[in-house]
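Reading through the structure tokens given below for one structure.
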There are 2 protein chains.
Amino acid sequence: MARKRFDDSSCSVARALNEVGDWWSLLIVLQAMYGTRRFVDFQQELGIARNILVDRLCRLVDNQVLRKVDVGEHGSRFEYRLTDKGRDLFPVVIALRQWGDRYNPCPDGPPLDLRDRRTGQPVRQLEVQDADGNPLTVRDVFVSEESLDDQQNPA
Amino acid sequence: MARKRFDDSSCSVARALNEVGDWWSLLIVLQAMYGTRRFVDFQQELGIARNILVDRLCRLVDNQVLRKVDVGEHGSRFEYRLTDKGRDLFPVVIALRQWGDRYNPCPDGPPLDLRDRRTGQPVRQLEVQDADGNPLTVRDVFVSEESLDDQQNPA
DNA sequence: CCATAAGGTTGCGTTACGAAACCATATTAA
DNA sequence: TTAATATGGTTTCGTAACGCAACCTTATGG
């Protein structure tokens, strides 16, 4: 009856989804990338229930996506900051954003555009590339046979 | 009381997660990328409950990530195939896979390695790049102020 | 000494998920 | 012609997760 989990799945996508594959975790990470650090700010900016937020923050801390820092200043006591592991979700978030912008454009107003702080230029469209930098589609890739065997039963 | 949904959120990440942000959808898309097309095959390869699979396949079809094709051949009657929209989740899946491989390496055996069908070379590590192809981190980007305003309340 | 804020915890009702059983249609096998 | 089997579901039911609101505890501020 327990919700299926994939901790020990041989599929790295399944293992990744096990950590950030629920409704809220990636949005929390996204907010953290925007600079949000405090409990109340996550709660208000995301509109998430407090008990769920507690649960998600703990899990993200357990999984070392965030770390909880004790800052003993005026009422505000803790901050949740991205770790390197959390920051490395950047491509995942960007890939989702670009896909969302392309296929579910915002009904009102233009899509949020990310720009390079240094040059002011927009961020390039993410693409899967071969060793020489040429774009690859799903059909252009294959999986080496021996690793594919392990892959057939993620659950 | 209803699970929160983000259909009309101004955040494209939230809208994307609304379509593929649950435990199963991305894994179904991944299986489809491996070539799986039939109901029973999804069911057996993923180990997903049948009623949940029905629900997810319908939602993915509704969202035009998959399309349901009637192939009237021996018992097997329908196929679920990726649309262009579905195939364009490739970077998302690859980003998740690379993140999973990096931070949660498979306990037994090497990570599944994807290779370019043409050259046999491994797929390059995904990265967010500026207009000139230089890598960008979270700290290197900013959001134009006007679009950021809409972004603050995804829920 | 009271108000306010941060960061939770608890209780409760609703919804989603998972497992197994059941079902309808179509093909094959005897 | 009947039985077995496969596909693609639907139904039932128990458990787990979610959402909301109320409450609690430990600061700080006035």
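Every chain is numbered from 1 and lettered A, B, ... according to where its sequence line falls, protein lines coming before strand lines. Only a predicted model underlies this, so the values are computations on that prediction, with no experimental measurement involved.
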> Does A/Arg56 or B/Val54 map to a spot on DNA chain D nearer the 5' end, using the closest nucleotide for each?
Replying inline: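 The residue mapped nearer the 5' terminus is B/Val54.
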>> Can you identify which nucleotide, out of C/dG7, D/dG9, C/dT9, has its nearest atom closest to the A/Phe78 side chain?
In response: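 Of all the options, the side chain of A/Phe78 is nearest to C/dG7.
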>> So if I take every side-chain heavy atom of A/Arg77 and compare against D/dG9, C/dT9, C/dA6, which nucleotide ends up nearest?
In response: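 Nearest to the side-chain atoms of A/Arg77, counting from C-beta on, is C/dA6.
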>> Less than 4.0 angstrom between a side-chain N/O of A/Tyr80 and OP1 or OP2 of C/dA6, yes or no?
In response: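 No, because none of the side-chain N or O atoms of A/Tyr80 sits under 4.0 Å from OP1 or OP2 of C/dA6.
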> Is any side-chain N or O of B/Trp24 closer than 4.0 Å to OP1 or OP2 of C/dG18?
Replying inline: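 Yes, B/Trp24 has a side-chain N/O under 4.0 Å of OP1/OP2 on C/dG18.
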>> With heavy-atom distances below 4.5 Å as the criterion, would you say the side chains of B/Arg15 and A/Asp101 are in contact?
In response: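 Counting from C-beta outward, B/Arg15 and A/Asp101 do come under 4.5 Å.
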>> In the structure I gave you, are the side-chain heavy atoms of B/Cys11 and A/Leu30 within less than 4.5 Å of one another anywhere?
In response: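 SC-SC contact between B/Cys11 and A/Leu30 confirmed.
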Expressed as a whole number of angstroms, how long is the span from [X]:[atom1] to [N]:[atom2]?
{"X": "B/Asp22", "N": "C/dA16", "atom1": "CG", "atom2": "P", "answer": "12 Å"}
{"X": "B/Ile28", "N": "C/dC17", "atom1": "CD1", "atom2": "C1'", "answer": "13 Å"}
{"X": "A/Trp23", "N": "C/dC17", "atom1": "CH2", "atom2": "C1'", "answer": "13 Å"}
{"X": "B/Leu53", "N": "D/dT7", "atom1": "CG", "atom2": "C1'", "answer": "12 Å"}

> With distance as the sole criterion, do the side chain of B/Arg50 and the base of D/dG9 form a donor-acceptor contact below 3.5 Å?
Replying inline: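 Yes, the side chain and the base share a sub-3.5 Å donor-acceptor pair.
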> Closer to the 5' end of DNA chain C via nearest nucleotide, is it A/Asn51 or A/Lys68?
Replying inline: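 Going by which nucleotide is closer to the 5' end, it is A/Lys68.
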> A/Asp130 and salt bridge (Lys or Arg N to Asp or Glu O under 4.0 Å): which partner among B/Arg117, B/Arg115, B/Arg118?
Replying inline: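 Single pass found, and it is B/Arg118.
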> A/Asn134 and A/Gln129: side-chain donor and acceptor closer than 3.5 Å?
Replying inline: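 No, A/Gln129 and A/Asn134 have no side-chain donor paired with an acceptor closer than 3.5 Å.
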>> Is it true that A/Ser12 and B/Arg97 share a donor-acceptor pair across their side chains at a distance under 3.5 Å?
In response: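 B/Arg97 vs A/Ser12: donor-acceptor pair found between side chains.
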>> Is it the case that over 12 heavy atoms from other parts of the model lie below 6.0 angstrom from the CD atom of A/Gln125?
In response: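 Enclosed.
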> Which dot-bracket notation, 5' to 3', represents the base pairing of DNA chain C when pairs are defined as Watson-Crick or G-U with both distances under 3.5 Å, crossing pairs as [ ], and inter-strand pairs as |?
Replying inline: ||||||||||||||||||||||||||||||
